[in-house]
Trainee: 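Supplied in structure tokens, the structure appears directly below.
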Amino acid sequence: MSLIELSEQELVRRQALEELQKLGINAYPAEKFEINATTSEILTFYNEESKNYQNVSIAGRVMSRRIMGSASFAELQDEKGRIQLYFNRDSICTGEDKTLYNTVFKRLVDIGDIIGVTGYVFTTKMGEISIHVSDFKMLSKSLRPLPIVKEKDGQLFDAFTDPEQRYRNRSLDLIVNPNVKETFIKRTKVVNTMRNYLNEKGYLEVETPILQPLYGGAAARPFKTHHNALDQTLYMRIANELYLKRLVVGGFDGVYEFSKDFRNEGMDRFHNPEFTQMELYVAYKDYYWMMDLVEEMVEQVALAVNGTTQVQVGDNVIDFKRPWKRYTMYSAIQEFTGIDISQMNEAELRETALKLKVGIDETMGKGKLIDSIFGDTCEAKLIQPTFIMDYPIEMSPLAKKHRTTEGLVERFEAICNSKEICNAFSELNDPIDQRQRFEGQLELGKRGDDEAMVLDEDFLKALEFGMPPTAGLGIGIDRLSMIMTNSASIQDVLFFPQMRAEKKAAKDDNEKYTALGIPAAWVGVIQKAGYNTIEQLKNANPNKLHQEMCGLNKKLKLELPNPKIEEVKVWVENIS
RNA sequence: GAUUCAGUAGCUCAGUAGGUAGAGCACAUCCCUUUUAAGGAUGGGGUCCUGGGUCCGAAUCCCAGCUGGAUCACCA
């Protein structure tokens, strides 16, 4: 990177780095720095009477500095929080040489630098627990200025809030917005709690392919890629259901996987192209059994994350305490619309949907119509965790036919805060029925449903060997994390949400400029003036260009000899 | 995809009869031995998102585009 592309503040920091080097200080030392305390630990356990923490060694990032002559205060932020540091010139520089304080601390340490300090803990006159620094060491120099977020009585000042900047620059977001860290710690707690719960039950965590020759297990459009050596199309998985069931066939009676799945569909605050699901399959169980498991597991998650079954989400308090309300899909629609659709055929459903102003289209079969009616009339009203059971067979090609009711399958979803958080079935293990269902999907595909499933012969072959009756579950980790952390957007529970690529101005190589006779030192200047390509330079007014170059030379204090106007004209004319 | 709002200094934001671009924090220089978002003084810092247009003159008005937010529709 050329120096002229840097802001003044970045230049100042690079100069400070050079000065440190001149003083013999390595701003990026290799050796470890011994730490024996954390900020939160000191703030919690320091006690003035017992005089503990009188020899602490702690490291972190300098977040603020207040310098007043030979005494200064700074704030140090480590992983756990912040603590105030007190620097006194004569404590840090016990001899005659006051360079460490006067030059290194006061002039060469910037906000954002990572330092290690040793000293003792005391309480200031203002009553704030602080570290009296006896020595400090530069551990990493920060070359970019940090947005300074200040906080007083819970009110934030100058907060770094622009979502685009925050998501594109998550490191910075985490440094200056401490509550962001909290959200991700909670997300990990969600996952760990589930994993512990499942391991305690003796289920086996497994891994299955992400690159798949056929995609399946869900209704979604996939990402497509290509393997060169095999010269074969591969898809990134949209679900791992079919592979996990093949493991159940193989004799694992309880298997689960936390899986990144990929769906090539729209993006908004509930959808990211890659997302995480936990899928679980347990042999010899059914969907009623699985409902009990979901209730118990999610209740434990809520307790682990927030210490209570009640979670504030937006304007609502959601209570995960068992048992949750249970509806069948038909009874839910009847409850919220007063209409019994359980006996309707496709034409009647279409008519009902139109009457209820439900969005439908020509490609929809009976199952999708019912799902649409349910989605539009019921979901918004389901805030507390609720199970919706018994879905139409047409939209659930992997679920087992209902044990008593024709046309339905044994499937449930848990809906919470109007969003699906899990989906589960008594898994279809009849290989002949499964083949027919896949064939039905192929029909839907021909009608234009681009999410219809494809027929997977390998999976069918496995089923033909015999799969025990099995209960299966998929639970959305991102959605669950959003609820558990009261996050309005999926981007807030993903460290690095997918973003559109930032557009960068195209620039020609330096050689193209020097080939015209332009001195290399001036190339950066010309580009800074806005002539990033030879094509742009071709149309430049030489007089204007000359003035801009001289102006930047002066402004940036480059002290280059200014070119003659004739030379500039020749450069521009040379472009053919 | 539709609608709508927005893009000005490192950060948060002002900026209308179209007429030399502002504040606070951050940064620099100087003064100061304990400050609680902020000690005092002085100073530097801008492609006003990009490209066209109108105009003597555009951050401002018009058109197009880019990017993002919000709401809605579809997938988890």
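In what follows, every chain begins at residue 1, and chains take the letters A, B, ... in the order their sequences are listed.
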Trainee: Under a 4.0 Å heavy-atom cut-off, which of residues 235-245 of chain A touch RNA chain B?
Mentor: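 By residue number: none to list.
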Trainee: Taking atom P in both B:A21 and B:A17, compute the distance separating them and give it to the nearest angstrom.
Mentor: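 Each nucleotide's P atom is 15 Å from the other's.
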Trainee: If I pick the P atom on B:C25 and the same atom on B:U4, what distance separates them, to the nearest angstrom?
Mentor: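 The same atom, P, in both gives a distance of 39 Å.
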Trainee: With a 4.0 Å cut-off on heavy atoms, is A:Tyr101 in touch with a base, just the backbone sugar-phosphate, or nothing at all?
Mentor: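 No contact.
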Trainee: Would one find a side-chain N or O of A:Lys150 under 4.0 angstrom from OP1 or OP2 of B:A26?
Mentor: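 For B:A26, OP1 or OP2 has a side-chain N or O of A:Lys150 closer than 4.0 Å.
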Trainee: Would you mind pulling out the nucleotide paired to B:C27, Watson-Crick or G-U wobble, both distances under 3.5 Å?
Mentor: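 With both distances under 3.5 Å, B:C27 matches B:G43.
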Trainee: Between atom CG in A:Asn88 and atom P in B:U33, what is the gap in whole Å?
Mentor: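 Taking atom P of B:U33 as the reference, CG of A:Asn88 is at 11 Å.
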Trainee: Given that both distances must come in under 3.5 Å, which nucleotide forms a Watson-Crick or G-U wobble pair with B:U16?
Mentor: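 The answer is none; no pair meets the criterion.
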Trainee: For A:Asp268, answer base if it contacts any base atom (sugar-phosphate contacts may also be present), sugar-phosphate if it contacts only those atoms, and nothing otherwise; contact means non-hydrogen atoms under 4.0 Å.
Mentor: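 The residue A:Asp268 makes base contact.
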Trainee: Quick check on B:A26: is either OP1 or OP2 less than 4.0 Å from any side-chain nitrogen or oxygen of A:Arg65?
Mentor: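 No, because none of the side-chain N or O atoms of A:Arg65 sits under 4.0 Å from OP1 or OP2 of B:A26.
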Trainee: What distance, rounded to whole Å, do you find between the two C1' atoms, one in B:C55 and one in B:C63?
Mentor: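 Per the computed distance, 16 Å lies between those C1' atoms.
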Trainee: In whole angstrom, give the distance that lies between atom CZ of A:Phe270 and atom C1' of B:C74.
Mentor: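 These atoms are roughly 14 Å apart.
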Trainee: Considering only atom P, compute the distance from B:U35 to B:U47 and round it to an integer number of Å.
Mentor: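 Approximately 40 Å lies between the P atom of B:U35 and that of B:U47.
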Trainee: Rounding to an integer number of Å, can you tell me how far A:Lys106 NZ sits from B:C31 C1'?
Mentor: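 In whole Å, B:C31 C1' and A:Lys106 NZ are 10 Å from each other.
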Trainee: Is there a Watson-Crick or G-U wobble partner for B:U3 with both distances under 3.5 Å, and if so, which one is it?
Mentor: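 Base-paired to B:A70.
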Trainee: Excluding sequence neighbours, so at least two apart, what forms salt bridge (charged side-chain N to carboxylate O under 4.0 Å, His left out) with A:Glu379?
Mentor: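 With neighbours one apart ignored, the set is empty.
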Trainee: Please determine, for B:U54, whether a Watson-Crick or G-U wobble partner exists with both distances under 3.5 Å, and give it or none.
Mentor: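 Across any shown strand, B:U54 pairs with none.
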Trainee: Could you tell me whether A:Ile111 contacts a base, only the sugar-phosphate backbone, or nothing, with contacts defined as non-hydrogen atoms closer than 4.0 Å?
Mentor: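 It contacts sugar-phosphate atoms only.
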Trainee: Does A:Arg166 reach a base, just sugar-phosphate, or nothing at all? Heavy atoms under 4.0 Å.
Mentor: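 No contact.
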Trainee: Can you say whether the rings of A:Phe258 and A:Tyr256 are parallel (under 30°), tilted (30 to 60°) or perpendicular (over 60°)?
Mentor: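 The arrangement is perpendicular - the two ring planes meet at more than 60°.
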Trainee: Work out how far the P atom of B:G15 is from that of B:A70, and round it to whole angstrom.
Mentor: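 Going atom to atom, P in each nucleotide, I get 23 Å.
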Trainee: How far does the P atom of B:C61 sit from the matching atom of B:U36, given to the nearest Å?
Mentor: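 B:C61 and B:U36 have their P atoms separated by 43 Å.
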Trainee: Would A:Arg221 pass as a cation-pi partner of A:Tyr235, given that its NZ or CZ must be under 6.0 Å from the six-membered ring centre and within 45 degrees of the axis?
Mentor: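 No, a cation-pi geometry is absent between A:Arg221 and A:Tyr235.
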Trainee: Quick one: side-chain contact (heavy atoms from CB on, under 4.5 Å) partners of A:Pro178, sequence neighbours excluded?
Mentor: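 side-chain contact (heavy atoms from CB on, under 4.5 Å) list for A:Pro178, sorted by chain: empty.
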Trainee: B:A37 P sits how many Å from A:Arg82 CZ, rounded?
Mentor: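 Rounded to the whole Å, the gap is 13 Å.
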Trainee: Would you mind pulling out the nucleotide paired to B:U35, Watson-Crick or G-U wobble, both distances under 3.5 Å?
Mentor: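 In the structure as shown, B:U35 has no Watson-Crick or wobble partner.
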Trainee: Let me know the distance between CD of A:Glu8 and C1' of B:U29, rounded to the nearest Å.
Mentor: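 Value for this atom pair: 12 Å.
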Trainee: Has the side chain of A:Gln84 got a donor or acceptor atom sitting under 3.5 Å from an opposite partner on the base of B:U35?
Mentor: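 Counting by modelled atom types and ignoring angles, a donor-acceptor contact under 3.5 Å is found here.
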Trainee: For the pair A:Phe136 and A:Phe105, name the ring-plane relationship: parallel under 30°, tilted 30 to 60°, perpendicular over 60°.
Mentor: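 If you compare the ring of A:Phe136 with that of A:Phe105, the planes turn out perpendicular.
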Trainee: Considering only the P atoms, how many Å lie between B:U67 and B:A59, rounded to the nearest integer?
Mentor: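 To the nearest whole Å, 24 Å.
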Trainee: Could you tell me whether A:Arg61 and A:Glu75 make a salt bridge, using a distance below 4.0 angstrom between a side-chain N and a carboxylate O?
Mentor: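 Result for this pair is no, no salt bridge flagged.
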Trainee: Regarding A:Glu420, tell me which of base, sugar-phosphate or nothing describes its non-hydrogen contacts under 4.0 Å with the strands shown.
Mentor: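 Touches sugar-phosphate only.
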Trainee: Mind checking who B:A21 pairs with, Watson-Crick or G-U wobble, both distances under 3.5 Å?
Mentor: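 Partner of B:A21: none.
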Trainee: A:Glu379 has an atom CD; how far is it from atom P of B:A73, in whole Å?
Mentor: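 About 11 Å, once rounded to whole Å.
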Trainee: A quick test of your reading: do over 12 heavy atoms of other residues, nucleotides or ligands sit less than 6.0 Å from NZ of A:Lys355?
Mentor: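 Counting neighbours around NZ of A:Lys355, 12 or fewer heavy atoms of other residues, nucleotides or ligands fall under 6.0 Å, so no.
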Trainee: Is it true that A:Tyr243 and A:Glu241 share a donor-acceptor pair across their side chains at a distance under 3.5 Å?
Mentor: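 Checked: A:Glu241/A:Tyr243 side chains show no N/O donor-acceptor pair below 3.5 Å.
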Trainee: Answer yes or no: does a side-chain N or O of A:Arg66 lie under 4.0 Å from OP1 or OP2 of B:U34?
Mentor: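 Checking B:U34 against A:Arg66, no side-chain N or O comes under 4.0 Å of OP1 or OP2.
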Trainee: Under the side-chain contact (heavy atoms from CB on, under 4.5 Å) test, which residues partner A:Gln9, sequence neighbours left out?
Mentor: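 For A:Gln9 the side-chain contact (heavy atoms from CB on, under 4.5 Å) partners, ignoring immediate neighbours, are A:Ser7, A:Pro145.
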Trainee: Can you list everything that forms a side-chain contact (heavy atoms from CB on, under 4.5 Å) with A:Gln384? Sequence neighbours excluded, please.
Mentor: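 Testing A:Gln384 for side-chain contact (heavy atoms from CB on, under 4.5 Å), a comparison that skips the adjacent residues, returns A:Ile318, A:Asp319.
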Trainee: Quick one: pull up OH in A:Tyr86 and OG1 in A:Thr124 and give me the separation to the nearest 0.5 Å.
Mentor: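 Separation between the atoms: 10.5 Å.
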Trainee: Does the B:U35 base have a donor-acceptor partner in the side chain of A:Ser72 within less than 3.5 Å?
Mentor: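 There is none.
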Trainee: Does B:G69 have OP1 or OP2 under 4.0 Å away from a side-chain N or O of A:Gln491?
Mentor: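 It does, given that an N or O in the side chain of A:Gln491 lies less than 4.0 Å from OP1 or OP2 of B:G69.
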Trainee: Please state the P separation for the pair B:U16 and B:U20 - nearest whole angstrom.
Mentor: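 So the two P atoms sit 13 Å from each other.
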Trainee: Between atom CG in A:Leu172 and atom C1' in B:A26, what is the gap in whole Å?
Mentor: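 After rounding, the reported distance stands at 13 Å.
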Trainee: Is it true that A:Tyr215 and A:Phe223 have ring centroids separated by less than 6.0 Å?
Mentor: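 Centroid separation for A:Tyr215 and A:Phe223: 6.0 Å or greater.
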Trainee: By the 4.0 Å heavy-atom rule, please label A:Arg269 as base, sugar-phosphate, or nothing.
Mentor: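 Since only primed, P, OP1 and OP2 atoms lie under 4.0 Å of A:Arg269, the category is sugar-phosphate.
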Trainee: OP1 or OP2 of B:C74 versus the side-chain N and O atoms of A:Arg221: is any pair under 4.0 Å?
Mentor: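 For B:C74, OP1/OP2 do not have a side-chain N/O of A:Arg221 under 4.0 Å.
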Trainee: Base contacts versus sugar-phosphate-only contacts with protein, heavy atoms under 4.0 Å: please encode nucleotides 8-13 of chain B as B, S and - from 5' to 3'.
Mentor: --BSS-
Trainee: Should the pair A:Lys106 and A:Tyr101 be classed as cation-pi, given the thresholds of under 6.0 Å to the six-membered ring centre and 45° from the axis?
Mentor: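 Pair A:Lys106/A:Tyr101 does not count as cation-pi.
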Trainee: Tell me the interatomic distance from A:Met126, atom CE, to B:G39, atom C1', rounded to whole angstroms.
Mentor: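 Taking CE of A:Met126 and C1' of B:G39, I get 13 Å after rounding.
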Trainee: Where the side chain of A:Val12 is concerned, which of B:G44, B:A28, B:U36 is the nearest nucleotide?
Mentor: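 Of B:G44, B:A28, B:U36, B:A28 is nearest to the side chain of A:Val12.
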